[in-house]
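Report on the structure given below.
First listed ligand is number 1; within each ligand, the first listed atom is number 1. Residues take their numbers from the sequence shown, with the count starting at 1. Any value given below was found using the heavy atoms of this structure, including those in side chains, with hydrogens, waters and symmetry copies removed.
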Amino acid sequence: MQILRFKNYEELSGYMADFIVNAIKNKPNLVLCMASGSTPALTCDLLVQKLKNGKVDYSKLTFLGLDEWVRLPPTNTGSCHYFFHKKIFEPLQLSSSQYFLFDALADDLKSECSKMDKVITEKGGIDIMIVGIGMNGHIGFNEPGTSFAVLSHVAELDEITKSVGQKYFDGPVELGKGITIGFGHLMNTKKVFLMANGSKKAEVIKKTIEGPVTENFPASIMQKHSNGFILIDDEAASLSSKSYEG
Ligand code: PGA
């Protein structure tokens with residue numbers, strides 16, 4: 001695991017977007033898995049700008065959505081579907097064969113999980129995974145207590161996830177379950193980037209970097225990944241005892 005520290009959110013997001021652009025240039029059929037949410041929002045915007053301005057061929061790119069709120073329709077502005085359509089798929093005019101998102105309205109959610117697992121296998125694995133971190137240390141909907149070996153699965157959401165998650169919605173929403181790519185896939189991903197910014201993430205970042213590796217604090221799995229990168233800004237790094245190079 002390596003730690004990369006940036007002055008602020010803008011620099012962190014710029015670095016991440018440049019990294020993806022170069023990865024697509026080097027491997028046009030890149031398999032990219034991303035989380036939605038506040039943290040990767042600017043990375044998405046910059047990525048679209050840079051791909052367009054740089055006249056990069058992204059027609060062979062495969063995009064996987066990390067997770068989705070179960071039973072939330074894709075038209076809900078707080079859904080991961082809505083986020084990726086607005087931020088990535090529409091501006092880049094990706095073909096629908098290029099992206100895979102969980103259908104959280106499906107009757108058979110287990111089969112949604114199998115479908116995602118199959119896509120990942122058929123595409124030869126995930127090249128780059130970009131995730132955020134929740135206030136309980138979750139990654140995607142891999143909540144505290146989730147096995148580090150699990151593949152795509154349906155998760156009962158933690159109380160913290162349900163309450164913090166309200167920020168994505170216009171009004172109160174009843175949240176119960178999530179569907180998510182699991183840690184078995186994260187561990188097999190060639191490069192994983194966990195991004196965090198702002199002082200509210202300082203405590204969970206300290207635990208991620210310095211705490212014990214335990215399924216009770218999911219993000220600690222990053223310590224086990226030989227190509228795991230923690231991208232943090234000064235504020236998110238502020239409680240960590242070590243000082244990291246910028
Ligand atoms: P955020 O979400 O990027 O909106 O802070 C992080 C997460 O819960 O994974």
statement: Restricting to heavy atoms, the pick from Thr39, Asn136, Ile133 nearest atom 3 (O) of ligand 1 would be Thr39
- prompt: So, does His138 sit close enough to ligand 1 that a heavy atom of it is under 4.0 Å from the ligand?
  reply: yes
query: Hey, do the aromatic rings of His81 and Tyr99 have their centres closer than 6.0 Å?
result: no
- prompt: With distance as the sole criterion, is a donor-acceptor pair present between the side chains of Thr161 and His138 under 3.5 Å?
  reply: yes
query: Just checking, Lys191 and Phe193: is the charged tip under 6.0 Å from the six-membered ring centre and within 45° of the axis?
result: no
query: So is Met135 in contact with ligand 1, going by heavy-atom distances below 4.0 Å?
result: no
message: Show the atoms of ligand 1 that are less than 4.0 angstrom away from any heavy atom in Lys167.
response: 1 (P), 4 (O), 5 (O)
message: Would you say Asp158 and Asn136 are linked by a side-chain donor-acceptor pair, where the criterion is simply a distance under 3.5 Å?
response: yes
message: Considering both backbone and side-chain atoms of Ser36, is one of its nitrogen or oxygen atoms within less than 3.5 Å of a nitrogen or oxygen in ligand 1?
response: no
query: Just which atoms of ligand 1 are under 4.0 Å from any heavy atom in Gly134?
result: 7 (C), 8 (O), 9 (O)
- prompt: Which of the atoms in ligand 1, numbered in the order shown and given with their element, are less than 4.0 Å from a heavy-atom of Tyr168?
  reply: 1 (P), 2 (O), 4 (O)
Nearest protein heavy atom with distance in Å, relative to atom 5 (O) of ligand 1: Lys201 NZ, 2.7 Å
query: Between Phe6 and Tyr15, is the gap from one ring center to the other below 6.0 Å?
result: yes
message: Please tell me whether Ser38 and Lys167 have a donor and an acceptor in their side chains that are separated by less than 3.5 angstrom.
response: yes
